[in-house]
Amino acid sequence: MNPTVPLGNTPSRPEKATEVSGLTSLFAKPWVRAFMALIVILLIGMIFNANGTFFRWSAHRDMLRQTSVFGILATAMTLVVITGGIDLGVGSIVAAVAVIYSTFLMALPVPFSAASTILFCLAVGAVFGVWNGFLIGKFKFQAFIATLAMMTFARGFAKYISGGRKVMNAIFFPDGTFKYNPVFPEITDWLNSRILGNNIAIVTIIMLCCMFIGWVVLSRLVWGRYIYSIGGNEEAARLSGVPILATKMLTYGLSGFFCAVAGICQAAQEYQGDPEAGTGYELTAIGMVVIGGTSLAGGRGSIGLTLIGVLTMGYLVKILSLNAVAESTRLMVTGAIIVIAVLFQSSRRK
Amino acid sequence: MAEILVKLTGVGMTFSGVSVLRGVDFDLRAGEVHVLAGENGAGKSTLIKIISGVYTGFEGTLEIFGKNQSFSSPIEANHAGISVIHQEMSLIPGMDVVDNIFLGREIRRFPWRFSRNQEVARTRELLARLNLADLDLHQPVEEFPMTIRQRIEIAKALAYQARIFIMDEPTSAIPESEVELLFNIIRDLKSQGFGIIYITHKMEEIYRIADRITVLRNGDMVDTASASELPERELVKKMVGRELSSRFPPRRQTIRKDVRLEVKNFSIANPDIDGMFLVDNVSFDVHAGEILGLAGLQGSGNSELLNGLFGAFGSRARGQMLVDGVNYLGPNPSKSIRRGVSLLTNDRKASGIVPEASVRGNISLASLRRFSSYYWINHRREDEAAQRQEKSLSIRLHSLAQPIITLSGGNQQKTLLGRWLETAPKVLLLDEPTRGVDVGAKFEIYDLMNRLTADGMAILLITSELPELLAMADRIIVLHRGLITAEMRHDEATQEKIVHAAMGA
């Protein structure tokens, strides 16, 4: 996934005359900077390799699986952030969808089949997102406010559906074995499986699919151009005939859709829909987007950058847990890394 | 002779090598209204910014109350007794009257505690002098009409013990009926020994209020005279009396018979003041191949007129607009673009470029749907279009992929022109197309206008540079406060006539 984006940030400046020297211009490219942060993290992992665990494939495989839900949310966040907005509701939508999914799978109401359960969950996420976009585009809500309200509402919605309890979607037996939900066990089974010789988790594949969709939207569709132009200069975009309201509704809608995808993955991985799930996920997702180098001011960034940001953050968390670093230290280190990574990214701007 | 409050000697100002003000001598006496007159860009704003401490590092000397001063900030000027009543008010909208007046210099009983009662009493006293004795002091100032807010601002200045008032177009924001009230306050201040520097673009105001007039032109001081010794005709001549040079390509006659654009009874409601109009019942038509110039000072409504015709004001614009005989009023920009009306806005940075986007992306933005099928962008066709515009407008760049912000002002402007030409407009609305553009690029833009009209396009042109208007426009209409005050053919237009009409004279 190449972070080359026709509008918005333009990592490649093909004209040789502008280049002072090859190296300087190389380091001016945002994706090179993002990549360097990733390499630094990898080097740290090699030094603190936890008795060689870091050199085993399983460490990387697990990292990818554990990061996938966040990666999907970071994809959603990237789209929204490039419009100049932010989506604080992603974590709560994950919880709401996870709860709905689990509830329906354990005891389907009559009109629902298993497949329509999934469609319904995705639709719920999309509707939540579209509503955000509507408030922001139509009534000029600040994105922070509109999505903060959604964050609160969706969390409440998750608790309402579940009655405040965790909803299992697998049945556990006293001897420690379990079987998947009675209605449609195949889907949970599939979501938790791996392909390519048990190496790549399906959730990772789903994350990559979401990223691919995001990349197509941003760099191949007219819609993506509109996203970049709104983030870059909304008034200029409006006067150029860009449909601001529709673009925002669609973009936040897609963000909500991705959140729903993440919610289903989360529920499948945890065998339950937890109304408290996803707390703080929005901040992790924002962190990933920012570490990748997408500007919160909007108008530039790309999915490719976010992929690098997701890997950087994912490896950081993995390395810290491999070395059994206490949670307190983990949080402090993560905070510090975000600051360093962003300093790194912003030094290229005047 | 009255006390001299402000005295400038040999004042000049240079911005990054460009001299904007040279050798200005100016003085303000106690008890007078001294009007600064001149066209946009003559240096009036620079001069008041020097006096009020906004600009530092000017040449020459500035004396306040006979003492040599060089302010390092507006606050210092403020403490020295200078107060600027701004065009954009400097009040904080959500704060009440008392807090606004004493903001930053609250009356304190102890360092950590201010005395609200004393502030209220003092506020009452000040407002009484401005005929506002009954004002509710605890309302946020945003709830008062402009006129009242302006007087609160004057009260604030009085609270600062200001003796020198600088008023920059104070009547542009208030309705005609309130102007006399303001003038009464000004006369009152005058009689109490205050000095007032007054800037206005309205001829009739100058003679209603001025004691003396200083005329600036292109950064030079032309003259200072008492108002009674400087008749209007003479004043206008001094303001515009600059030579025309051949900075323009010859304008060829390209006007065709058919009417391209017909505007009937077009109005735009003022969003801030009920019942007032930014553009008031305007009607005119433009032929194919014609350049119609719109003249008028800031606030005359000509810029709003173009934006309104383009649909940028939505339903606030009323009236009829026919493009090639088809009745149509743009309800939004996207519809207007499809109907063949395009607008180059006057603020490239705020409403023109998407700064981080590539030159290519900036060119294609308004016509993206033409380079896409089923919402997928056809990058090859987009690139061809961008190259076509790059060639025909000779945009100087390294690569179409470079962000537009890295181009010079002139090339940014040409890129934006490329954006609008790519929409294949029938009517092109140009609002200050040469603002912030170097001389060479200006010539190219004039040349382009000639070529486009030769192909039958109709152009509406706004420019604050009168020579440009006289050189390029086939016909000129002049607006004043939203009304058309004059219409003249190219061959009968003169700077004097335009300035007269623009000031509503």
Side-chain angles (χ1 to χ4, degrees), chain A residues 4-20 25 28-30 82-84 215-247 250 293-295 297-302 348-350, chain B residues 307 310-312 314 330 332-338 342-345 347-379 382-383 386 397-406 416 419-420 422-423 429 431:
Chain A
T4 303
V5 166
L7 198 118
N9 81 325
T10 44
S12 55
R13 291 198 193 165
E15 186 53 47
K16 299 226 160 31
T18 52
E19 298 182 2
V20 183
S25 79
K29 293 174 187 174
I82 293 175
T83 66
W215 174 77
V216 166
V217 167
L218 284 177
S219 57
R220 285 290 173 268
L221 297 189
V222 173
W223 176 11
R225 268 326 159 72
Y226 290 169
I227 289 176
Y228 279 106
S229 65
I230 289 175
N233 186 343
E234 184 164 337
E235 183 61 9
R238 186 177 78 90
L239 293 175
S240 298
V242 172
I244 307 282
L245 175 61
T247 304
L250 271 176
T294 294
S295 158
R300 58 172 150 204
S302 73
R348 101 196 131 96
R349 286 171 206 145
K350 48 262 144 188
Chain B
N307 277 282
F310 184 59
N332 61 53
S334 119
K335 278 247 172 64
S336 300
I337 293 167
R338 259 176 279 154
S342 286
L343 167 72
L344 183 78
T345 62
D347 194 336
R348 195 160 55 229
K349 209 170 151 219
S351 55
I353 61 171
V354 181
E356 296 295 331
S358 64
V359 175
R360 185 197 296 120
N362 268 288
I363 290 176
S364 64
L365 185 61
S367 44
L368 262 184
R369 296 296 306 281
R370 282 192 26 235
F371 311 118
S372 56
S373 45
Y374 300 103
Y375 298 97
W376 284 71
I377 297 173
N378 183 330
H379 287 99
E382 184 196 9
D383 199 58
L397 39 65
H398 296 301
S399 144
L400 284 169
Q402 80 187 94
I404 188 173
I405 194 76
T406 59
L416 291 182
R419 174 193 292 173
W420 294 117
E422 201 50 48
T423 65
L429 312 172
D431 194 351

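So that the names make sense, note that chain A is the first sequence line, chain B the second, and so on, each numbered from 1.
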Looking only at A:G241, A:A236, A:P243, the option with the highest number of non-hydrogen pairs under 4.5 Å against chain B is A:A236
Is there a side chain to side chain contact (heavy atoms under 4.5 Å, CB included) between A:S295 and B:E356 once you walk through the steps?
-> CA-CA 11 Å; A:S295 158; B:E356 296 295 331; over 6 Å; no
Atom of B:K349, atom of A:N233 and distance for their closest heavy-atom approach | O-ND2, 3.2 Å
Rounded to the nearest 0.5 Å, how far does CG of B:L365 lie from CZ of B:R360?
-> 14.0 Å
For chain A, find which of B:A350, B:S372, B:S342, B:P355 contributes the most heavy-atom pairs closer than 4.5 angstrom.
-> B:A350
Salt bridge (charged side-chain N to carboxylate O under 4.0 Å, His left out) assessment of B:E422 paired with B:R419 = CA-CA 5 Å; B:E422 201 50 48; B:R419 174 193 292 173; over 6 Å; no
Go through A:G232, A:S240, A:G231 and name the one with the most non-hydrogen pairs under 4.5 angstrom from chain B.
-> A:S240
Approximate separation, where rounding is to 0.5 Å, of B:R370 CZ and B:T423 OG1 = 8.0 Å
Best-contacting candidate, B:I353, B:V359, B:L400, against chain A by heavy atom pairs under 4.5 angstrom = B:I353
Applying a strict 4.5 Å limit to non-hydrogen atoms, the region of B:T345 in contact with chain A is side chain
